[in-house]
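Okay, so here's the structure we're looking at.
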Amino acid sequence: MANIELSKAYEAKEVEDNIYKKWEESGYFNPDNLPSQSEGKFVVCMPPPNVTGVLHLGHALENSLMDTELRYQRMKGKRALLIPGTDHAAVATQARVEGNLRKEGMLNPRQELGREGLLNKIREYAENSKTTILSQIRKMGTSCDWSRLAYTFDEPRSRAVNTLFKKMYDDALIYRGYRVVNWSVKGQSTCSDDELVYQPQKSKLYTFKYSADFPIAIASTRPETKLGDVAVAVHPNDERYQKYIGQKFTIDLGAKEKQTITIIADEAVDPKYGTGAIGVTPAHSQIDFEMYQKNKEISIVPVIGKDGKMLEAAGKYQGFGLLEAREKLVEWLKENNLLIKEEDIENNIGTSDRFGDVVEALPMEQWFVDVNKIIPGRNKTLKDLMREAVTSGHNNQEEKKIIINPDQFHNIYLHWIDNLRDWCISRQIWWGHRIPVAYCDKCQKNFYTEEESPLCPKCQAQARRDDDTLDTWFSSGAWTFSTLGWPDNKEELNKFHPTEWMQMGYEILFFWMARMILMTTYALDDIPFKNVYIHGILRAKDGRKFSKSLGNGLDPLEVINQYGTDALRLSLMKGITPGNDARFYEEKVEASRNFVNKLWNISRFILGKIEAEKVKNIKERPEAKTLADKWLLNKLDGIILKTTKELDNHNFSLAAEILYEFTWSDFADWYLEIAKIENGKDEILIYTLKTLLKLWHPYIPFVTEEIWNKLGEEKMLLIEKWPTVGKIHENDSNK
RNA sequence: GGGCGCAUAGCUCAGCUGGUUAGAGCACUUCGUUUACACCGAAGGGGUCCAGGGUUCGAAUCCUUGUGCGCCCACCA
């Protein structure tokens, strides 16, 4: 009887693709095909990568996390399901493609290509990118169910988006309103509050009076907006200004017809800051707009347009750029001795995350989700639902409480909800779910429709379909249930929703987690997931972020090519803790590659000295004959218990370290050396090896599966049972 | 302004609800070509666990103050 021979070193490149193919063909990535097991389900939705490009190391980390968790649960006997998918990433993708077209020399892609033409370009780009991404996910060894592959912009997901929109529209939680929104001049679109990136900048703060006889001085870094001022707000208890509250003044900033300024009182004003008075510009400030809503007596005067230039209401400055208008106005203030102070300050300015330009606050008609309105029949607002899910549990059910790991994000999330304003969901870009609403000019009404060119249901007149598209997070928010059959396939939904686990980076906590909770609690009256694992971001060795502009990025595929997927996965999983950033560099991968090879050589040694037939037949924990045997087996039992416990708590790094230490120091360096000089250790060697392969499989699936296969096992390691510590252990300790 | 996190060996980091000589990887020193592995083995050096104060029989671990670094939110008055 011959022994099994292994090559001297593990060659990842030669085996990984084949193994993945075998796994995929086995059908076991689909829980419906798993051998009958009754341990319950374990469902995870993959955070869908944006189809804006290729996968980076952050994605590799996420795939490692999800797949390790999934494989562990599958081996524990759960019906494990990981749903793969991609995200059309509305603004991000359109901005990317438009940028590329501009680089190729097209000045205005929207104008030159038109809606359909540009959409075709974007679609082409997205499809290419999608294909690449999906093959990369396979390369990572991710055991996801490809039969359930989803895309936020595909047919079933679009149906879910429309259904969801209609439900909210019918409940009047979605409304069309005239509000101050964030406007990107470059992108010619709105963006939500969360899409703003604040950047520090040096600016000048001007303190001045509107006119010589005006009693209160105000300060501003943007005097040009003062042409849109309609009021001055002071704190109601401010003794200096109390006597003026309610008075109206007429001013002339030398640019246009006279402006009327009303002195109003508002709690939002800090009497200690600046002059203790604010010039109120409802059209170009969020806070000022709120004052406008509260005070019926003041009006709203937009002076800045969508093109970023001054409007007609700015009088003689009409058509001027903002900076130009500012300079002229300041000059005028100086000339008229109205400027009191000019100081340099540092403040933050909101810029568009995707287009990069400074975002203007402009008032316009947009679609919003009302987060503060009572939901019909629920006696709660969307905000309430978002809070409840992480505090008392959805509908006050303890078992429907979302656990956030690490828990410091719990309060951050709640604090974010407190500050949450109505969510602007309409975007003036073309790549995305078209808003399913049309307007009838005759009836002056809008109505829900999915048709391109609908007729008004009331008067049968031709109606205009809304041109805008939905914020991409509207579809992402529905991800956990749109991927599981909602609204059509109730069976699938009942079987798998809510999901068990979700992992994501803290940078999209608000974007995504919050919206999933909002959408799911509202639409399904349930939570989207039970546990959220927040991971940090990966940084270069010097602590800087990986970025294209720095050129310090590492391509996961190149790392895999050089070291193997297992090495990459292990290096990503070791040394990470939830919520904290981790550094990633080549030496780490090298160390992991060395370990993978170590495991390979442990197997090579054992298989080289024991007959194949014997190897195959040993399944049970053998008897310990010597002190060393006993020590090793007891230690192994402890390792099984610890690894299981740490994995149950999602302490991936810790579990890996425990295993690493045992495998290398105890088993390889110590016990294997004993086995070289003492006989009768075959059973223990094989049993320990097999147990270790199972314990390691979630982290390094390829090499373990390959060795498992060499052992002559018939079943795949993929669906082997997770090791447990049985009775034998208790008997042993009595000896 | 409000909130959060981090500070442990040269470097990158583990150390959960406090308990024997503080750990790992990489790097370093010396030795070793013993047929599993040089992607290796053996031995070893290296830490006042940021600082001060406190709780405790006992603290890297809990409390408090401070210092340094990082992040989030608010803010364009």
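Heavy atoms only: backbone and side chains are in, while hydrogens, waters and symmetry mates are out. Remember, it's a predicted structure, so these values are computed and weren't measured experimentally. Here is the naming used below: chain letters follow the sequence lines, and residue numbers restart at 1 for every chain.
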Between B:U30 and B:G18, how far apart are the C1' atoms? Round to whole Å, please.
-> 39 Å
A:Cys424 backbone acceptor or donor facing A:Arg179 side chain under 3.5 Å | no
Could you list the residues that satisfy side chain to side chain donor-acceptor pair (under 3.5 Å) with A:Lys690, not counting sequence neighbours?
-> A:Glu713
With C1' as the reference atom in both, quote the distance from B:A14 to B:G47 in angstrom, rounded to an integer.
-> 15 Å
Separation of the P atoms in B:C72 and B:A27, to the nearest angstrom | 34 Å
Sorted by number, residues from residues 596-606 of chain A placing a heavy atom under 4.0 Å from RNA chain B are A:Asn597, A:Lys598, A:Asn601, A:Ile602, A:Arg604, A:Phe605
State whether a side-chain donor-acceptor pair under 3.5 Å links A:Trp423 with A:Asp471.
-> yes
Between B:C71 and B:G66 - P atom distance, rounded Å | 22 Å
Donor-acceptor contact below 3.5 Å, side chain A:Arg539 vs main chain A:Arg544 | no
Side chain to side chain contact (heavy atoms under 4.5 Å, CB included) with A:Thr577: which residues, sequence neighbours excluded?
-> A:Asn580
Distance between P atoms of B:A24 and B:G15 (Å, rounded) | 15 Å
What residues, two or more places apart in sequence or in another chain, satisfy side chain to side chain donor-acceptor pair (under 3.5 Å) together with A:Tyr671?
-> A:Asp629
Report the residues that fulfil side chain to side chain donor-acceptor pair (under 3.5 Å) with A:Glu586, sequence neighbours left out, ordered by chain and then residue number.
-> A:Tyr563
Could you pull out every donor-acceptor pair under 3.5 Å between side chains of residues 222-230 of chain A and any protein atom, sequence neighbours left out?
unit_1, atom_1, unit_2, atom_2, d
A:Arg222, NE, A:Glu224, OE2, 3.2
A:Arg222, NH1, A:Glu360, OE1, 3.4
A:Arg222, NH2, A:Glu224, OE2, 3.4
A:Arg222, NH2, A:Glu360, OE1, 3.0
A:Glu224, OE1, A:Arg326, NE, 2.8
A:Glu224, OE2, A:Arg326, NH2, 2.9
A:Thr225, OG1, A:Arg222, O, 2.8
A:Lys226, NZ, A:Asp229, OD2, 3.3
A:Lys226, NZ, A:Gly279, O, 3.2
A:Lys226, NZ, A:Thr281, OG1, 3.3
A:Asp229, OD1, A:Thr281, OG1, 2.5
A:Asp229, OD2, A:Tyr210, OH, 2.4

Is A:Trp501 close to A:Val532 at the side-chain level, that is, under 4.5 Å between some pair of heavy atoms?
-> no
Within the distance-only criterion (no hydrogens, no angle test), does the side chain of A:Asp566 pair as donor or acceptor with the backbone N or O of A:Val703 below 3.5 angstrom?
-> yes
Go through residues 665-672 of chain A and report each residue with a non-hydrogen atom lying under 4.0 Å from RNA chain B, sorted by number.
-> A:Ala668, A:Asp669, A:Leu672
Which residue lies more 5' along RNA chain B, comparing A:Gly276 with A:Tyr10 via nearest heavy atoms = A:Tyr10
All side chain to side chain donor-acceptor pair (under 3.5 Å) counterparts of A:Arg354, not counting sequence neighbours = none
Pairing string of RNA chain B (Watson-Crick or G-U wobble, both atom distances under 3.5 Å; | = paired to other strand) is (((((((..((((.....[...)))).(((((.......))))).....(((((..]....))))))))))))....
How would you list, by chain and number, every residue that makes a salt bridge (Lys or Arg N to Asp or Glu O under 4.0 Å) with A:Glu324, sequence neighbours excluded?
-> none
The correct set of residues in residues 217-231 of chain A placing a heavy atom under 4.0 Å from RNA chain B is A:Ala219, A:Ser220, A:Thr221, A:Arg222
Please confirm whether the backbone N or O of A:Gly575 pairs with a side-chain atom of A:Ser653, one donor and one acceptor, at under 3.5 Å?
-> yes
Can you pull the contact range of chain A along RNA chain B, 5' to 3', using atoms under 4.0 angstrom from its heavy atoms?
-> B:C4 to B:A77
RNA chain B: 5'-proximal contact among A:Lys574 and A:Leu205 (nearest heavy atom) = A:Lys574
When you compare B:U48 with B:A60, how far apart are their C1' atoms, in angstrom units rounded to a whole number?
-> 12 Å
